[in-house]
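Everything below concerns the one structure shown next.
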Amino acid sequence: MEKYDLQVLLSDGSFADFEVQTEREAKTYDILKKGELIASFKPTKDGGWELETNPGNIDQDLEHRITQQLNGYRVS
């Protein structure tokens, strides 16, 4: 299992800390906050990200901000 820290700039100018968790051969990236799963994303063939699950009910703005940060973690 691979884990990475992720810091996201929020619309109010503050930062939120998350953890990215994935298996080496997995196609999904889990986003955790304080150890709780808030969302899962999978990379798309066009270079974007698709929200797979959203148990944390993240809004569209936070989804976009997280995917912008995830671009640095993509393994092709």
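Position 1 is the first residue of the sequence; numbering continues from there.
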Decide side-chain contact (heavy atoms from CB on, under 4.5 Å) for Gln21 and Leu32; before the verdict, give the C-alpha distance in whole Å, the side-chain angles of both, and the deciding distance to 0.1 Å. CA-CA 8 Å; Gln21 180 176 292; Leu32 298 99; 3.6 Å; yes
Please walk me through it: do Asp5 and Asp17 pass side-chain contact (heavy atoms from CB on, under 4.5 Å)? CA-CA 7 Å; Asp5 292 326; Asp17 294 318; over 6 Å; no
Report the C-alpha distance between Val8 and Leu62 in whole Å, list the side-chain angles of each, state the deciding distance to 0.1 Å, and finish with yes or no for side-chain contact (heavy atoms from CB on, under 4.5 Å). CA-CA 8 Å; Val8 177; Leu62 183 54; 4.2 Å; yes
Decide side-chain contact (heavy atoms from CB on, under 4.5 Å) for Phe41 and Ile31; before the verdict, give the C-alpha distance in whole Å, the side-chain angles of both, and the deciding distance to 0.1 Å. CA-CA 8 Å; Phe41 293 87; Ile31 309 299; 3.8 Å; yes
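Among residues at least two apart or in separate chains, there is no salt bridge (charged side-chain N to carboxylate O under 4.0 Å, His left out) pair with a member in residues 32-41.
With sequence neighbours left out, the salt bridge (charged side-chain N to carboxylate O under 4.0 Å, His left out) criterion links Asp61 to Arg65. With sequence neighbours excluded, no residue forms a side chain to side chain contact (heavy atoms under 4.5 Å, CB included) with Lys27. Partners of Ser40 by side-chain hydrogen bond (donor to acceptor under 3.5 Å, both in side chains), not counting sequence neighbours, listed by chain and number: Asp30, Thr53. Applying the side chain to side chain contact (heavy atoms under 4.5 Å, CB included) criterion to Asp12, with sequence neighbours excluded, gives Leu10, Ser14. Residues satisfying the side-chain hydrogen bond (donor to acceptor under 3.5 Å, both in side chains) test with Asn57, not counting sequence neighbours, are none. Residues passing the salt bridge (charged side-chain N to carboxylate O under 4.0 Å, His left out) test with Glu52 are Lys42, sequence neighbours excluded.
Summarising the geometry, atom OG1 belonging to Thr67 is positioned 9.5 Å from atom CG belonging to Leu51; distances are rounded to the nearest 0.5 Å. Distance check, rounded to the nearest 0.5 Å: CD of Gln69 to CG of Leu9 gives 8.5 Å. The CZ atom of Phe15 lies 11.5 Å from the CG atom of Leu6; values are rounded to the nearest 0.5 Å. Note that OH of Tyr29 and CD of Glu2 are 8.0 Å apart. Values are rounded to the nearest 0.5 Å.
Under a 4.5 Å side-chain heavy-atom cut-off, the cluster of Ile, Leu, Val, Met, Phe, Trp and Tyr residues that includes Leu37 has no other member.
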